[in-house]
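Below: the structure, in structure tokens.
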Amino acid sequence: MSRRDRRSRGASVRAARPAPAPAARAGRVAAPGIALAIVVAAAAAAAWWALRPHPSVAPTTIVSPSEAYRRALRLGLDGRFDESIPMFRLAERAAGVDLARLHVNFAASLYNACFQPRRGGGNIPVSRSSFERVAMMREAIDHADRAARYDMTPARRVFLVRERGEWMQAWGFTWEAFVQYRQAVSADPSSRDQAMHARAFMTLMQHPDRYSLESVPLTP
């Protein structure tokens with residue numbers, strides 16, 4: 001057989017080699033799809049991990065609702081607002097509790113937990129995301145609304161309205177804060193403190209360069 005014949009025969013053998021099976025081709029094409037599915041699954045797992053109940057704030061022991069309320073108040077006074085939240089949830093079932101006061105304190109703990117730094121963590125917040133902070137703020141407003149439905153002393157009602165104004169101010173809802181401060185003045189017209197606070201905040205809205213925190217008493 002001549003060299004040309006051998007080259008021609010080799011070419012025909014290579015040309016006759018069967019094409020890859022459809023399954024093998026499909027496997028190579030599906031690889032990017034499998035990789036995308038893995039990425040999506042990993043992202044879903046990360047989201048679940050971030051939004052799951054925080055282990056550090058879950059009650060470690062089963063206590064009665066009355067005891068839970070006492071613990072919630074102690075934790076709040078100690079500045080451990082995140083730990084007080086599950087106790088307040090349990091305390092809502094306590095018998096003979098001043099519900100107006102409970103909802104006011106629960107709302108305050110939720111609001112304070114939004115800005116609470118981690119213990120030993122510098123300026124790192126104890127909340128895990130802005131989504132969680134917004135959820136806590138919504139719940140705080142809900143408890144403030146529930147507290148307002150109960151009979152309470154004029155001083156406590158004014159305090160609650162003023163608190164809501166400060167929450168709105170902290171979150172950048174300027175006009176909502178102004179409305180709350182004016183409502184506090186209407187609820188207690190004789191209070192010089194409420195009037196000064198409302199006037200100072202109005203000055204902030206009109207002339208930010210003239211605003212001074214020293215002119216605004218923060219304790220009602």
Side-chain angles (χ1 to χ4, degrees), residues 51-171 173 176-177 180-181 183-184 187-188 191 193-194 197 213 216-220:
L51 298 176
R52 77 196 193 288
H54 202 292
S56 66
V57 300
T60 56
T61 58
I62 298 176
V63 297
S64 68
S66 298
E67 175 60 23
Y69 188 44
R70 288 190 288 270
R71 291 190 188 186
L73 293 176
R74 287 198 301 268
L75 290 166
L77 290 173
D78 290 340
R80 297 159 64 183
F81 304 107
D82 59 326
E83 295 179 45
S84 74
I85 290 172
M87 290 297 170
F88 273 117
R89 296 197 198 286
L90 181 57
E92 288 187 87
R93 299 197 294 269
V97 171
D98 182 346
L99 290 176
R101 183 167 177 258
L102 183 150
H103 288 301
V104 168
N105 289 320
F106 196 174
S109 282
L110 285 161
Y111 169 77
N112 289 325
C114 292
F115 303 97
Q116 177 184 337
R118 293 184 186 177
R119 287 169 287 282
N123 293 325
I124 301 175
V126 70
S127 54
R128 294 157 294 170
S129 67
S130 57
F131 295 101
E132 188 174 57
R133 287 188 286 277
V134 169
M136 287 193 292
M137 194 65 243
R138 287 179 179 274
E139 191 175 2
I141 293 172
D142 177 64
H143 281 284
D145 289 342
R146 292 165 69 180
R149 299 188 191 113
Y150 292 92
D151 292 332
M152 59 179 68
T153 63
R156 184 182 290 182
R157 191 169 297 279
V158 170
F159 172 79
L160 180 60
V161 174
R162 167 79 168 266
E163 282 287 289
R164 289 191 56 158
E166 292 179 358
W167 299 350
M168 296 298 102
Q169 181 180 355
W171 278 82
F173 295 100
E176 288 80 356
Q180 294 294 315
Y181 292 147
Q183 288 181 354
D188 188 6
S191 173
D193 173 47
Q194 304 300 337
H197 195 100
L213 284 175
V216 184
L218 297 181
T219 303

> side chain to side chain contact (heavy atoms under 4.5 Å, CB included) between Y150 and H103: does it pass, once the steps are laid out?
Replying inline: CA-CA 10 Å; Y150 292 92; H103 288 301; 3.9 Å; yes
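- Within the model, atoms SG of C114 and CE of M136 stand 4.0 Å from one another, a figure rounded to the nearest 0.5 Å.
- Closest approach of S66 and A95 over heavy atoms only: OG-O, 4.4 Å.
- Taking CZ of R89 as the reference point, atom CD of E139 lies at 4.0 Å (rounded to 0.5 Å).
- Looking at R162, R164, Q169 one by one, the single match for side chain to side chain donor-acceptor pair (under 3.5 Å) with Y181 turns out to be Q169.
- Taking both residues in full, the closest heavy atoms of W167 and A144 are given as CZ3-CB, 4.0 Å, listed atom of the first, atom of the second, then distance.
- Residues R80 and V126 form no side-chain contact, since every pair of their non-hydrogen atoms from C-beta on lies 4.5 Å or further apart.
- The pair R149-D145 fails the salt-bridge criterion, with no side-chain N (NZ, NE, NH1 or NH2) lying under 4.0 Å from an Asp/Glu carboxylate O.
- Side-chain contact between M137 and I141 is present, with heavy atoms from C-beta onward closer than 4.5 Å.
- Between M152 and A100 the shortest heavy-atom distance is CE-CB, 4.1 Å.
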> For W171 and Y111, what are the C-alpha separation, side-chain angles and deciding distance, and is it a side chain to side chain contact (heavy atoms under 4.5 Å, CB included)?
Replying inline: CA-CA 11 Å; W171 278 82; Y111 169 77; 4.1 Å; yes
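- In terms of heavy-atom proximity, A184 sits nearest to V161 at N-CG1, 3.7 Å.
- With hydrogens and angles ignored, the 3.5 Å screen pairs no side-chain donor or acceptor of Q194 with any backbone N or O of D188.
- Here the side chains of F88 and H143 are not in contact, with every heavy-atom distance at 4.5 Å or above.
- A distance of 11.0 Å separates CG of N105 from CG of L110, quoted to the nearest 0.5 Å.
- Side chain of E83 to main chain of L75: no donor-acceptor pair is present (N/O by atom type, distance under 3.5 Å, no hydrogens or angles).
- Note: Q180 CD to E166 CD = 11.0 Å, rounded to the nearest 0.5 Å.
- Atom CG of D98 is separated from atom CZ of R156 by 5.0 Å, given to the nearest 0.5 angstrom.
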> Are F106 and R146 close enough, and set up right, to give a side chain to side chain contact (heavy atoms under 4.5 Å, CB included), and what steps lead you there?
Replying inline: CA-CA 11 Å; F106 196 174; R146 292 165 69 180; over 6 Å; no
>> side chain to side chain contact (heavy atoms under 4.5 Å, CB included), that's the test. Do M87 and Y69 meet it? Break it down for me.
In response: CA-CA 6 Å; M87 290 297 170; Y69 188 44; over 6 Å; no
